[in-house]
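Positions are given from 1, in the same order as the sequence printed here.
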Amino acid sequence: MTTHPALDLADAISSQLADPDVPRSWAVPAYGQHLAYGPPGIALLHIERAAHGLGPRQRAHDWLTAASRQPLTSGPDSHPFYGAPALAHALACAADRFPGAYQSALDSLDRQIVIDVRRRLEAAHRRIDAGRLPQLAEFDVIRGLTGYAAYLLRRSPDGDTTRAVLAYCVRLTEPPTEQDEPLPGWWTETGPSGNPDDRFPGGHANHGMAHGIGGVLALLALAARHGTVVSGHHAAMRTILAWLDRWETGPGPAWPYWITRDELRTGRLTPSTPRRPSWCYGTAGLARAQQLAGLALGDTRRRVRAENALVAALTDADQLKAITDNGLCHGVAGLAHLAARVAEDAHATTVDRIRAAIPALLNEILPPDAALGSGDPGLLDGAAGVALALIAPSTTTSPRSAWDSCLLIA
């Protein structure tokens with residue numbers, strides 16, 4: 001049987017990550033509960049491979065066991081990529097593919113997640129009522145309510161807590177009431193790291209899928225496509241889309257990672273060199289979010305324009321040169337996976353061009369030794385994410401475990 005070279009590479013990486021008990025320099029205890037770096041993310045690789053018949057189910061179970069060896073963190077010290085929510089995502093992916101497995105643990109985790117989300121929602125609404133600006137960690141995909149909702153949308157798509165988070169996202173798009181100048185509701189006073197930053201006097205509006213309004217747009221669009229809609233839902237999507245239209249740049253089109261206070265005041269973007277098109281920041285992730293929004297709103301023009309933006313990014317040598325690693329978050333493998341996801345929903349006028357660009361991306365992936373050369377085995381920046389991201393574009397099939405739902409691209 002002939003397999004795609006990318007699948008051979010994924011198999012080699014999977015073999016290197018077969019056993020969680022093999023001593024490794026990267027086995028830092030703090031990573032044990034982290035979806036991005038630790039066992040929950042590596043478990044996703046083995047869950048997806050088992051679902052495709054490419055590897056044994058036992059490997060997935062071993063990594064899930066490794067992820068649950070220490071007491072799980074919940075409450076304020078946890079977030080969608082750390083602690084109870086991180087393990088819950090991996091367990092839910094396994095439970096979907098292995099009926100009857102992990103249900104008791106999932107039910108317990110779900111109860112805790114609802115408690116934590118409700119506490120976060122109460123704090124967020126108090127903050128809005130007081131006219132204060134948000135922190136990125138309040139709403140983003142990695143640490144905030146949007147990331148929690150990515151999980152809730154799978155587990156309880158029409159549940160009260162899911163709908164409450166969506167209602168919060170609608171409110172987030174409304175202008176703050178006590179500011180000296182007009183600002184979008186997602187404007188933050190910090191830099192993109194979430195900390196005060198002298199390079200961002202007056203803060204910024206973050207566009208990223210990982211930490212910005214791109215993730216909120218994707219969540220609202222995915223929820224609408226699931227049939228879960230709250231008051232103001234479509235208007236909120238249109239507010240975000242209008243903002244992105246305001247800052248669109250060419251050719252492509254393309255969108256900046258963020259907007260600074262000076263750019264907001266002048267209405268002009270600061271000139272910059274081409275930036276990488278990736279999931280976390282840049283045109284690729286925003287193209288997927290806008291494609292999903294176009295589909296949810298029945299806006300074919302919006303959908304096709306977003307798909308054309310991705311085609312431009314996939315074929316622009318200057319943008320592609322800005323990509324310097326293999327990883328899922330902002331590397332070549334992640335871009336290939338995103339392209340495959342966009343192609344699944346693409347219009348007849350763009351789908352062939354998106355698919356035609358994928359083989360060249362796959363050919364750029366480094367061999368497995370290089371993939372693990374950084375010592376990072378994890379999901380977002382490491383080898384497990386590379387191997388996972390190679391499966392869909394090289395098999396032209398959708399993920400079977402919905403592992404990438406934590407990225408809000410599906």
Side-chain angles (χ1 to χ4, degrees), residues 76 79 81 120 123-147 168-219 236 239-250 252-286 289-290 318-319 322-324 329-330 380-381:
H79 58 68
F81 272 66
R120 283 172 173 253
H125 285 298
R126 286 196 302 270
R127 189 269 307 164
I128 295 173
D129 291 342
R132 300 193 307 272
L133 295 171
Q135 298 291 319
L136 293 174
E138 177 185 290
F139 66 85
D140 74 10
V141 170
I142 301 294
R143 300 161 299 176
L145 285 162
T146 303
Y168 155 79
C169 289
V170 170
R171 200 174 182 201
L172 185 70
T173 67
E174 298 169 356
T177 57
E178 298 183 16
Q179 300 298 319
D180 294 333
E181 59 185 301
L183 296 171
W186 58 90
W187 192 276
T188 178
E189 294 178 313
T190 68
S193 69
N195 298 312
D197 191 327
D198 291 341
R199 296 171 300 172
F200 293 85
H204 77 297
N206 196 297
H207 291 168
M209 286 285 282
H211 297 298
I213 201 62
V216 177
L217 177 62
L219 171 66
T239 295
I240 299 169
L241 291 168
W243 172 268
L244 293 174
D245 288 347
R246 176 180 174 185
W247 301 106
E248 180 183 297
T249 184
W255 298 271
Y257 286 5
W258 45 66
I259 297 299
T260 67
R261 197 64 166 255
D262 284 345
E263 289 170 330
L264 181 65
R265 287 170 178 157
T266 64
R268 295 191 301 272
L269 292 172
T270 303
S272 64
T273 57
R275 288 177 162 173
R276 64 192 177 201
S278 59
W279 167 71
C280 56
Y281 281 105
T283 296
L286 281 175
Q290 292 186 75
D318 288 334
Q319 289 189 64
I323 300 175
T324 58
C329 183
H330 45 253
L380 277 191
D381 296 320

[atom1]/[X] to [atom2]/[Y] distance, rounded to the nearest 0.5 angstrom?
| X | Y | atom1 | atom2 | result |
| --- | --- | --- | --- | --- |
| Leu136 | Glu189 | CG | CD | 11.5 Å |
| Thr146 | Leu219 | OG1 | CG | 5.5 Å |
| His79 | Leu145 | NE2 | CG | 13.0 Å |
| Arg268 | Asp262 | CZ | CG | 10.5 Å |
| Ile259 | Trp247 | CD1 | CH2 | 4.5 Å |
| Trp186 | Asn206 | CH2 | CG | 11.5 Å |

Could you pull out the closest heavy-atom pair between [X] and [Y], with the gap in Å?
| X | Y | value |
| --- | --- | --- |
| Gly215 | Val141 | CA-CG2, 3.9 Å |
| Ala210 | Asp140 | O-CB, 3.4 Å |
| Ser278 | His330 | CB-CA, 3.5 Å |
| Arg120 | Gly144 | NH1-CA, 3.9 Å |
| Pro274 | Asp318 | CG-CB, 3.8 Å |
| Thr188 | Pro134 | OG1-O, 3.1 Å |

If you define the side chain from C-beta out and look only at heavy atoms, does anything of [X] sit under 4.5 Å from [Y]?
| X | Y | answer |
| --- | --- | --- |
| Leu217 | Leu244 | yes |
| Thr260 | Arg265 | no |
| Leu183 | Leu264 | yes |
| Ile240 | Val216 | yes |
| Arg276 | Gln319 | no |

For [X] and [Y], indicate whether the former's side chain and the latter's backbone hold a donor-acceptor pair under 3.5 Å.
| X | Y | result |
| --- | --- | --- |
| Thr283 | Ala254 | no |
| Trp187 | Gly202 | yes |
| Glu248 | Trp255 | no |

Check: Between Arg275 and Tyr257, is NZ or CZ placed under 6.0 angstrom from the six-membered ring centre and within 45° of the ring axis?
Finding: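 Yes; both conditions hold, so Arg275 lies above the ring face of Tyr257.
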Next item on the list: Answer yes or no for Arg199 and Trp258: cation-pi contact, defined as NZ/CZ to six-membered ring centre under 6.0 Å and angle to ring axis within 45°.
Entry: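 No, cation not above the ring by the 6.0 Å, 45° rule.
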Next item on the list: Take Asp197 and Thr190, measure what side-chain contact (heavy atoms from CB on, under 4.5 Å) needs, and give me the verdict at the end.
Entry: CA-CA 6 Å; Asp197 191 327; Thr190 68; over 6 Å; no
Checklist line | Donor-acceptor pair between His207 and Trp243 side chains, under 3.5 angstrom | finding: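 Yes, a side-chain donor-acceptor pair sits under 3.5 Å.
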Margin query: Pair Arg261, His204 - check side-chain hydrogen bond (donor to acceptor under 3.5 Å, both in side chains), show working.
Written below: CA-CA 6 Å; Arg261 197 64 166 255; His204 77 297; over 6 Å; no
Notebook entry, point to check: Counting only heavy atoms not in Arg246, do more than 12 fall under 6.0 Å of its CZ?
Noted result: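 Yes.
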Next item on the list: Would you please name every residue forming a side-chain hydrogen bond (donor to acceptor under 3.5 Å, both in side chains) with Glu138, sequence neighbours left out?
Entry: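 Here the qualifying residues are Arg127, Tyr168.
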